[in-house]
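One structure below.
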Amino acid sequence: TNGYTVPNPQAQTSVIKRALAESRIDARHVSYIEAHGTGTKLGDPIEIAALSRAFHSYTQDTEFCPIGSAKSNIGHCESAAGIAGLTKVLLQMQHQQLVPSLHSAQLNPHIDVSRSPFVVNQTLRSWDQPVIDGRTLPRIAGISSFGAGGSNAHMIIEEHQTPVAQPMEFGAVAIVLSARTPEQLQQ
């Protein structure tokens, strides 16, 4: 090994399940995963398996959730990898677009993506709000960051949606004015 510990699939599954449970988010509502995705023969299959196990505890649906990793665009930022993934997700939410994972035309043969909830995002595309059971949901993303020393993190991000202001109807409205002198009141 190159000094890194072997990824622990049970620990990864556990942290993903816990993040979903604590955020009270159904995995079927997640519409993007920013994977740790180091592009290694061993690490990526373990990560996809861990994500799949966590998601399959909510749904058996397959290929509904795009997945990508900032590392395909900028490399491994070591200790800044998690913040790079968070920044990517926030920018994608702001622009309502999913950027492609580069160098992913040929997928790792040790990953059976077709049986997973995921599809590797390979093109720039619109990030549409998911519609589930007739309800339009906000964009929700999961972000994984797994440290070489065995520390695992997964966070759930939901886009902010500004409530649509309802037009208000007013009848007569009292406007209160005050001033110290009659002249100031007139102004």
Can you give me the closest heavy-atom contact between [X] and [Y], atom names plus distance?
{"X": "Gln60", "Y": "His56", "result": "NE2-O, 3.0 Å"}
{"X": "Thr13", "Y": "Ala54", "result": "CG2-N, 4.0 Å"}
{"X": "Glu158", "Y": "Ile25", "result": "OE1-CD1, 4.0 Å"}
{"X": "Pro130", "Y": "His29", "result": "CG-O, 4.1 Å"}
{"X": "Phe55", "Y": "Pro117", "result": "CB-CG, 3.6 Å"}

Would you say [X]'s side chain and [Y]'s backbone share a donor-acceptor pair under 3.5 angstrom?
{"X": "Thr123", "Y": "Arg125", "result": "no"}
{"X": "Glu47", "Y": "His36", "result": "yes"}
{"X": "Ser14", "Y": "Gln10", "result": "no"}

Taking a hydrophobic cluster as the set of Ile, Leu, Val, Met, Phe, Trp and Tyr residues connected by side-chain heavy atoms closer than 4.5 Å, whether directly or through intermediates, do [X] and [Y] fall within one such cluster?
{"X": "Leu20", "Y": "Ile48", "result": "yes"}
{"X": "Ile16", "Y": "Val120", "result": "yes"}
{"X": "Leu51", "Y": "Phe146", "result": "yes"}
{"X": "Ile156", "Y": "Ile132", "result": "no"}
{"X": "Val89", "Y": "Met155", "result": "yes"}

Separation between [atom1] of [X] and [atom2] of [Y], rounded to the nearest 0.5 Å:
{"X": "Leu98", "Y": "Met93", "atom1": "CG", "atom2": "CE", "result": "9.5 Å"}
{"X": "Asn121", "Y": "Ser69", "atom1": "CG", "atom2": "OG", "result": "12.0 Å"}
{"X": "Leu90", "Y": "His160", "atom1": "CG", "atom2": "NE2", "result": "13.0 Å"}
{"X": "Ser116", "Y": "Ile111", "atom1": "OG", "atom2": "CD1", "result": "8.5 Å"}
{"X": "Ser145", "Y": "Asn152", "atom1": "OG", "atom2": "CG", "result": "9.0 Å"}
{"X": "Trp127", "Y": "Gln97", "atom1": "CH2", "atom2": "CD", "result": "11.5 Å"}

Check the side chains of [Y] and [X] for a donor-acceptor pair under 3.5 angstrom, ignoring hydrogens and angles.
{"X": "Arg139", "Y": "Ser31", "result": "no"}
{"X": "Lys88", "Y": "Tyr32", "result": "yes"}
{"X": "His154", "Y": "Ser144", "result": "yes"}
{"X": "Gln92", "Y": "Glu34", "result": "no"}

side-chain hydrogen bond (donor to acceptor under 3.5 Å, both in side chains) assessment of Gln129 paired with Glu159: CA-CA 10 Å; Gln129 292 177 293; Glu159 74 176 328; 3.2 Å; yes

Residues that Ser101 engages under side-chain hydrogen bond (donor to acceptor under 3.5 Å, both in side chains), provided they are two or more places apart: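 Ser101 satisfies side-chain hydrogen bond (donor to acceptor under 3.5 Å, both in side chains) with no other residue.
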
For residues [X] and [Y], determine if any side-chain heavy atom of one lies less than 4.5 Å from a side-chain heavy atom of the other.
{"X": "Ile33", "Y": "Val30", "answer": "yes"}
{"X": "Val119", "Y": "Ile67", "answer": "no"}
{"X": "Leu185", "Y": "Leu177", "answer": "yes"}

Over 12 foreign heavy atoms within 6.0 Å of CD, Gln186: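 Counting neighbours around CD of Gln186, 12 or fewer heavy atoms of other residues, nucleotides or ligands fall under 6.0 Å, so no.
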
Arg28 to Phe64, cation-pi by 6.0 Å centre distance and 45° axis angle: yes

side-chain contact (heavy atoms from CB on, under 4.5 Å) against Thr181, all qualifying residues, sequence neighbours excluded: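 Per chain and number, Thr181 pairs via side-chain contact (heavy atoms from CB on, under 4.5 Å) with Glu183, Gln184.
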
Full working for side-chain contact (heavy atoms from CB on, under 4.5 Å) between Ile157 and Leu86: CA-CA 9 Å; Ile157 303 287; Leu86 174 61; 3.8 Å; yes

